[in-house]
Amino acid sequence: MQTATSPNIYQLSEEQLAVRDAARDFAQSELWAGVIERDEHQKFPAEQIKKMGELGFMGMMVSPEYGGSGLDTVSYVLAMEEISKVDASCSVIMSVNNSLVCWGLEKYGTEEQKQKYLPRLCSGEIIGAFALSEPEAGSDATSQRTTAEDKGDHYLLNGTKNWITNGTTASVYLVIAQTNPELKSRGINVLIVDKDTPGFVQGPKENKLGIRGSDTCSLMFTDVKVPKENRIGDDGFGFKFAMQVLAGGRIGIASQALGIASGSLELSLKYAKERKAFGVEIAKHQAIQFKLADMATNVDAARLLCLQAAADKDAGHDYGKSGAMAKLFASKVAMDAAVEAVQIHGGYGFVKEYHVERFMRDAKITQIYEGTSEIQKIVISRDILK
């Protein structure tokens, strides 16, 4: 429910609408043509990501002082939806770079760290990755087995991370590791690790169900020497850092899910007006009309939740609950809408050229990464029961 003090999410500014339209134009003109091939061959969209950087989509919320676009989170949500309508692989690369890496560096990094990394991350010259998940630490982020042993002027990093988006293509990694196990979550640090650091190895790309154009892999650290100046925040700040960036990251993934859902709806509407059955367009059959009505209602509701979370963040309000609600609901809407899109397309929905089978495969991960749906319910219930 919107209260008297809640930010108004119903009136978009001319600048926000311009960002949305620019993202839509880019997605339709630059991403659509090759998206099936990139999915089929797990081809990383390097050229497209570079162009997204040139257009300002890779550092949307970063201050212009550091090469960013200086835009608000609402604009970011609108752009993420439009990119995700066409290519969710590109949008997750964009989301990680914006929400987890750039935002975390600008919010908590030193001036030297910001100057060194942000301009190149925002321009698309390089991309970033966020390394939290481990074989034994997925939803339970406190159980970090990767260690960062304090050696005075540097840390010695050892361990394995997995499911890392941008894992093989990133140039800079924000790595969460345990320094003081006796302090548990308060003994965790976050370290900036450059790609070519000795002892740091990227594993092979995972062969995934969906978002196949983005690269996901494991990372291995063997006696990796990380200078103390590469630590973000005070000693023991790592877990809090991870929770803060993930709270914002959920808004990005919620927006990705929204885009998959709205893309499924748009293709379904188009197909329903063209395909005939029993002598009339299938859009004239009530069974199809009801499916489209449910999809449209849920897409609009998901969009409002995403915009509310973004508006909360922009206003400086607590956005933990609203971000979790947006991700929980939008990811379910994405999965449901994609399944219905395949059903509406019938046999054509089962083949790649009609795109909706890809949407169905891409949608599932939005219920899993950056906090599963079950984790979102924990976040929400804790907040409402306080």
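Remember, predicted model here, so these are calculated numbers, not experimental data. What's counted below: heavy atoms across the whole structure, side chains too, no hydrogens, waters or symmetry copies.
Side-chain atoms of Gln113 come within 3.5 Å of backbone atoms of Thr110 as a donor-acceptor pair (strictly under, hydrogens ignored). Asp72 places a side-chain N or O within 3.5 Å of a backbone atom of Ser75 that can act as its donor or acceptor partner. Counting only distance, with no hydrogens or angles, the side chain of Arg250 and the backbone of Glu370 share a donor-acceptor pair below 3.5 Å. Counting only distance, with no hydrogens or angles, the side chain of Thr146 and the backbone of Gly159 share no donor-acceptor pair below 3.5 Å. Looking only at distances, no side-chain donor or acceptor of Arg382 sits under 3.5 Å from a matching main-chain atom of Ile384. Put simply, the side chain of Lys327 gets close to the backbone of Gly371: a donor and an acceptor are under 3.5 Å apart. Listed for the Asp383 side chain is no donor-acceptor partner under 3.5 Å among the backbone atoms of Lys321. A donor-acceptor pair is defined here as one N or O able to donate and one able to accept, closer than 3.5 Å; such a pair exists between the side chain of Asn230 and the backbone of Ile192. Looking only at distances, no side-chain donor or acceptor of Ser63 sits under 3.5 Å from a matching main-chain atom of Gly70. Not a single donor-acceptor pair under 3.5 Å links the side chain of Ser69 to the backbone N or O of Leu71.
Residues Asn207 and Gln42 have side chains that bring a donor and an acceptor to within less than 3.5 angstrom of each other. With hydrogens and angles left out, the side-chain atoms of Tyr76 and Glu81 include no donor and acceptor closer than 3.5 Å. Side-chain contact check for Thr168 and Asp215: at least one donor-acceptor pair (N or O, by modelled atom type) lies under 3.5 Å. Using a 3.5 Å distance cut-off with no hydrogens or angles, the side chains of Gln256 and Ser91 do pair a donor with an acceptor. In the model, Glu134 has no side-chain atom that pairs as donor or acceptor with a side-chain atom of Thr160 under 3.5 Å. Side-chain atoms of Asn166 and Asn97 include no donor-acceptor pair closer than 3.5 Å. Looking only at atom types and distance, the side chain of Asp194 has a donor-acceptor partner in the side chain of Tyr117 under 3.5 Å away. In this structure, a donor-acceptor pair under 3.5 Å is present between the side chains of Asn158 and Asp223. With 3.5 Å as the limit, one finds a donor-acceptor pair spanning the side chains of Lys161 and Gln144. Using a 3.5 Å distance cut-off with no hydrogens or angles, the side chains of Lys208 and Thr216 do pair a donor with an acceptor.
Between atom CD1 of residue Ile83 and atom OG of residue Ser95 there is a gap of 12.0 Å, rounded to the nearest 0.5 Å. Ser264 OG to Leu267 CG: the interatomic distance, rounded to the nearest 0.5 Å, is 7.0 Å. Here the CE-CD distance, from Met58 to Glu54, works out to 11.5 Å after rounding to the nearest 0.5 Å. Between Met325 atom CE and Leu328 atom CG the span is 8.5 Å, to the nearest 0.5 Å.
A salt bridge is absent between Glu374 and Lys377: the closest approach of a Lys/Arg side-chain nitrogen to an acidic carboxylate oxygen does not fall below 4.0 angstrom. A salt bridge links Lys85 with Glu82: the distance from a Lys NZ or Arg NE/NH1/NH2 to an Asp or Glu carboxylate oxygen falls below 4.0 Å. A salt bridge does not link Lys114 with Glu106: every distance from a Lys NZ or Arg NE/NH1/NH2 to an Asp or Glu carboxylate oxygen is 4.0 Å or more. Between Glu182 and Lys184 there is no salt bridge, since no side-chain nitrogen of the basic residue lies less than 4.0 Å from a carboxylate oxygen of the acidic one. A salt bridge links Glu340 to Lys291: at least one charged side-chain nitrogen sits closer than 4.0 Å to a carboxylate oxygen. The residues Glu40 and Lys352 are annotated as salt-bridged, a charged nitrogen and a carboxylate oxygen being separated by less than 4.0 angstrom.
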Worksheet item: Do Thr73 and Asp314 pass the side-chain hydrogen bond (donor to acceptor under 3.5 Å, both in side chains) test, and can you show the C-alpha distance, the side-chain angles, and the key distance before you say yes or no?
Response: CA-CA 6 Å; Thr73 315; Asp314 288 335; 2.6 Å; yes
Worksheet item: Would Asp150 and Lys228 count as a salt bridge (Lys or Arg N to Asp or Glu O under 4.0 Å) if you check the C-alpha gap in whole Å, the side-chain angles of each, and the deciding distance to 0.1 Å?
Response: CA-CA 9 Å; Asp150 193 334; Lys228 271 282 179 71; 3.0 Å; yes
Discussion item. Go through it in stages, so that I can follow the logic: the residues are Thr297 and Asp294, the test is side-chain hydrogen bond (donor to acceptor under 3.5 Å, both in side chains), and I'd like the CA-CA distance, side-chain angles, deciding distance and then a yes or no.
Written reply: CA-CA 5 Å; Thr297 301; Asp294 285 342; 5.6 Å; no
Item to complete: Would you sort out whether Lys270 and Glu274 count as a salt bridge (Lys or Arg N to Asp or Glu O under 4.0 Å), showing the intermediate values?
Response: CA-CA 7 Å; Lys270 181 176 183 292; Glu274 296 171 350; 3.1 Å; yes
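Using a 30° and 60° split on the angle between ring planes, Phe241 and Phe237 fall in the perpendicular class, above 60°. Ring geometry for Tyr348 versus Tyr354: interplanar angle of 30 to 60°, hence tilted.
Heavy-atom neighbours of Lys240 NZ from other residues, nucleotides or ligands within 6.0 Å: at or below the threshold of 12.
Within the cation-pi definition used here (under 6.0 Å to the ring centroid, within 45° of the axis), Lys51 does not qualify as a partner of Phe26.
If you look at Tyr173 and Phe200, their ring centroids are closer than 6.0 Å.
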